[in-house]
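Below is one structure; the comments refer to it alone.
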Amino acid sequence: MTADMPPPDSKSASAQAAGPASPASTGAPPPVPARWFDGRSSQGRAVLAAIAPGARGPDLTLHPVGAEGGAPEHFAHDAVDWPEAWNPHRPPPRLAVDLGERGSLEIAGDGIARWHAALQAAGHRAGIAQRMQARWSLLAVVLLASVLLLVLFYRYGTPWLATQLTRAVPLGWETALARETLERMDGDLLKPSRLAPERQQALRARFDALARDVPAAPQRYAGYAPALRLEFRRGLGANAFALPGGTVVITDGLAETASRRGLGDDALAGVLAHEIGHVVHRHTTRTVVEQGVLNIGLGLALGDVSSLLSTGGALVTGLAYSRAHEREADCYALALMDRARLPTAPMADLLLAIAQEQREESKEKNGASDSDTKKKARKDDPAGATGQAADVAAAPPGDAGSSPATRREPARQDSGDSAWMGLLATHPGTEQRAAELRAGHAPHCARP
């Protein structure tokens, strides 16, 4: 005797007879007609490309069609180089899908729109780079955000990070760098000083007196106490500069300019106090670190095209940082001179005197250059027909008709001196700095 069995459900029986559910019956987009170039034959095989959701993203299955037939070929999400999104207003005539070692897939005509519709239905979301290519508004937002991040990195991130890294730089490395730098300069740009030994001794005594009055290092470099020492050299004009680790160099030209103008040693003491400020605030080391941080940051942000841009950015930002360092060193000099009860007005007069002599020297050079140009023009044109044109050509662009004193000196590189002078002796805003030094205070300096 058999148990009564319920009659089979007609829908279940039909489904089992029909086999696996088709994309259309499950609501999935229909397969897309394409041609598969599997790399084993030069002829493409006709297939139907079905896209379905997978564990890590859409998966691809190719169903061969036609007389050849064959088993379906399955491709996991990571095995397919999914093409970028396209602009529906300008669809490409043909779409190629890279399948790695298993060839490529080619889709044409209206199959391209069906392909992307199937991708979206399977949960594929285009990356930000793909979306930027299709939407200019998104590209503009990303570019503005990138520029803002770069500005913030330059304005706040670079100085902060450079300060943190400078703290980790050992004093021994700074002194070794200063020694090697001075040795290289001695063999090229600098010569032994010709100042009388007693004159050197007097200036060194003033320097040592200032060094004894140096307060504790700034809080950001707590415990930093380099041994300050003064060196004398000849060369680089009227100049003084600080090397990392405590070395300050003063040239004969600076001492001679002060004596020629009758300014006395108080003016030189102010300059030395300024250079001590560079040492105490570790400006040279910070400049090296800042440029390294900036170049690395721009390299990460700009990629392969960063070489030229980062070099130009380093030059521009290096100028800004040097101005900030100059202001900081001036404030330190004002505080140190006040602590030593010395006047700061002579230092201001010395800065103005150096600037005036440099302008006069530049005027003489420009005058000689104009004269040489005119002579060459007369030689090339004895009749004098180009005399007026030579006068105009002698003036720098934009300065025609101006007096030689107001012309910009043309850029030229007679020797390595100009590069070192630009690195070691650029003090922008001389008149403003002199006014602040004469007043004994600057708005950007903290009150003692």
Side-chain angles (χ1 to χ4, degrees), residues 18-143 145-146 149 296-306:
S22 65
S25 63
T26 60
V32 179
R35 297 192 69 80
W36 179 27
F37 296 86
D38 57 10
R40 292 174 292 184
S41 171
S42 59
Q43 299 295 324
R45 298 169 56 188
V47 295
L48 290 176
I51 300 175
R56 304 184 61 179
D59 291 345
L60 175 65
T61 302
L62 301 183
H63 299 272
V65 297
E68 298 181 2
E73 297 282 346
H74 181 74
F75 297 82
H77 178 77
D78 295 339
V80 181
D81 185 9
W82 302 96
E84 298 177 352
W86 55 282
N87 190 333
H89 301 292
R90 291 178 295 174
R94 201 171 293 274
L95 181 67
V97 182
D98 186 7
L99 302 178
E101 297 180 354
R102 300 171 70 181
S104 63
L105 194 67
E106 186 178 277
I107 305 167
D110 60 354
I112 299 177
R114 294 167 58 185
W115 167 273
H116 285 288
L119 267 181
Q120 293 179 0
H124 178 73
R125 294 293 177 264
I128 188 170
Q130 299 179 12
R131 283 180 282 171
M132 283 192 301
Q133 293 180 5
R135 297 177 58 186
W136 286 103
S137 57
L138 180 60
L139 176 61
V141 170
V142 171
L143 287 177
S146 301
L149 287 176
I296 293 173
L298 287 177
L300 293 175
L302 302 175
D304 294 338
V305 299
S306 65

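What you see below is based on every heavy atom in this structure, not just the backbone, and it leaves out hydrogens, waters and symmetry mates.
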With a 4.5 Å cut-off on side-chain heavy atoms, are [Y] and [X] touching?
X	Y	value
Pro33	Arg114	yes
Asp81	Leu99	no
Leu60	Trp82	yes
Val97	Val80	yes
Phe37	Arg45	no
Leu62	Leu48	no
Leu105	Val47	yes
His74	Asp59	yes

[X] (side chain) donor-acceptor with [Y] (main chain) under 3.5 angstrom:
X	Y	result
His63	Pro72	no
Arg56	His77	no
Arg35	Gly44	yes

message: Can you confirm if the NZ or CZ of Arg102 lies within 45° of the ring axis of Phe75 and under 6.0 Å from the centre of its six-membered ring?
response: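 Satisfied, under 6.0 Å and within 45°.
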- request: Identify the heavy atoms of Ser104 and Trp36 that sit nearest to each other, and give their distance.
  value: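 Reported closest heavy-atom pair: O-CD1, 3.3 Å.
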